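These figures come from a predicted structure and were not determined experimentally. Convention: sequence-line order gives letters A, B, ...; per-chain numbering from 1.
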Protein chains: 2
Amino acid sequence: MANDIVDNFVASGNSARMDDIAKALPKSGPPAAEIADWVRSQIRANRFVPGQRLVEVDIIRRTGGSRFKVREAFQRLAAEGLLEIEEFKGAFVREASLDEVAQLYRARAALEGICAGDFARQASDADKEKLRIIAEKMETCVESGSPEQFGRLNSEWHAMLMHVTGNHVIADIVSRLNTPVHHLLFESFYRGDRMTEATKDHRAILDAILEGDAPAAEQAMRRHVENGLQFLTSLDKALFGT
Amino acid sequence: MANDIVDNFVASGNSARMDDIAKALPKSGPPAAEIADWVRSQIRANRFVPGQRLVEVDIIRRTGGSRFKVREAFQRLAAEGLLEIEEFKGAFVREASLDEVAQLYRARAALEGICAGDFARQASDADKEKLRIIAEKMETCVESGSPEQFGRLNSEWHAMLMHVTGNHVIADIVSRLNTPVHHLLFESFYRGDRMTEATKDHRAILDAILEGDAPAAEQAMRRHVENGLQFLTSLDKALFGT
DNA sequence: GTCAACAATATCGTTAGCCATCTTTTTGTT
DNA sequence: AACAAAAAGATGGCTAACGATATTGTTGAC
């Protein structure tokens, strides 16, 4: 992501053709949305940690965007709940309290539960098979011990479960719910036997879906997300708590 | 809120010199959040209708905010999903499709269901009594036929149900879910016998809560919200559909 | 009379520069 | 040596001006 921006910026400066420049130059810098994406990715990668102050000039230096765009991006991120902006002090990465995270997880459990029920009810056999295949790949990840691949597949699995039945809006809400705690999510698969537990949960959900038992699928999904929360809280205690 | 802004505008509009104002008013215009609130309220009151174009200068004139702040507010509202911004065309009030509204309602049903369950489990007797009293007031509104009072109490009822058990984050999510369809909500209580039906639903929820039956409370709340959606879809068909 | 091309206006997007505010550092006094 | 006050540096906020684009109105030809 960062490279995209830099390349884009450099490219527009180095272009040779007049035509190319004519079309490339109107956008002198990266658009505000791109800057927001970049900051978001930095936060997700734990490169920007909660409480850290985001200095405008610094972001401008790194992204090549103008001050105006950077501030627009900050506003967007603040509206998303990722940043907090204080007068004359600037933007900070928002720190989500454990209680807040718990509520976000409970919300996610409810929403993904709905989607799991929908999937059990409406999804075609082909879609169910797709879901099964991804789950299978994840199991091989557990064996080979590759948590980042597991994480990617996990995201894909959850996203597909929601999008297949057309619940794009709910999926969007869920993704926003995830963002503030994504750096913890990322770390969670490295610790303990979270992967094996998650796999067990996935299997339970998949079984309910294959049997067409929507309420069971919903319940299983809820339990799965709530297990994730429980793991996260124990992780938090181990890291920061006494 | 709106009056504050208007008064502010009139004051600055009638003054003679810009310089005088700059020195006379050490406090600058309303902050971006306030402008966003104002625009939001205008949309809620159906004064800004879906598809309408929001011209920057117009908002500046009306709110007294600077162009920068207005644009910041637009960004925030776009992130909230209320507006859509197109390049060189400006901000439009976003039109929520019926499918989108349906998903928002299903999400709301799930989230408020959780809170209803929490309430049944954790709320004190005093809080339960408070909830009962509000419901009682709403019943008198049905008899006397005052829908806007009913609407206010309804908001209070739902808000209290969530906040009492500390689910502030979930309540916040729900309020954002409501915003895009609030103008329809506003109209809904004027039509048919929605008020009496809602009252019946509320009574069922309250009964489950008073008995301490959390799952029943959750289910009742879900049904209540889903009934609201059903009413809204029928209303939409009656207004626009064939 | 209608349609198309061109011009004019209005609006949006961007940048640069100035002003207000906060933080930190330095200096002076107790 | 410690604390307070003032000044300097840094940071964010705001306005004004400029360039790009869409929309609208007008004029001319078919």
Output one line per pair: protein atom, nucleotide atom from nucleotides 10-12 of chain C, and distance, for all N/O pairs under 3.5 Å.
residue: C/dC12; atom: OP1; partner: B/Glu56; partner atom: N; Å: 3.1

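Over its full length, the helix from C/dG1-D/dC30 to C/dT30-D/dA1 turns its helical axis through 10°, comparing axes from the five pairs at each end and rounding to 10°.
Using a distance-only test at 3.5 Å, with no hydrogens or angles considered, no donor-acceptor pair links the side chain of A/Arg53 to the main chain of A/Phe92. In terms of modelled atom types and a separation under 3.5 Å, the side chain of B/Glu72 and the main chain of A/Arg76 share no donor-acceptor contact.
C/dG13 atom P lies 12 Å from atom CD1 of B/Ile60, rounded to whole Å. Per the geometry, CZ belonging to A/Phe68 stands 17 Å off C1' belonging to C/dC18, to the nearest Å. Between the C1' atom of D/dG12 and the CD atom of A/Glu72 lies a distance of 16 Å, rounded to the nearest Å.
No hydrogens or angles considered: a donor-acceptor pair under 3.5 Å links the side chains of A/Gln149 and A/Arg152. A donor-acceptor pair shorter than 3.5 Å can be found between the side chains of B/Asn167 and B/Thr165.
In this structure, the separation between CG on A/Leu235 and NZ on A/Lys237 is 12.0 Å, given to the nearest 0.5 Å.
Here the closest heavy-atom approach between residue A/Glu156 and residue A/Ile134 is recorded as OE2-CD1, 3.7 Å.
A cation-pi geometry, defined here as NZ or CZ lying under 6.0 Å from the six-membered ring centre and within 45° of its normal, holds between A/Arg108 and A/Tyr105.
A ring-centre distance under 6.0 Å is found for B/His224 and B/His158.
In this model, the phosphate group of C/dT14 is not approached by any side-chain N or O of A/Ser66 to a distance below 4.0 Å at OP1 or OP2.
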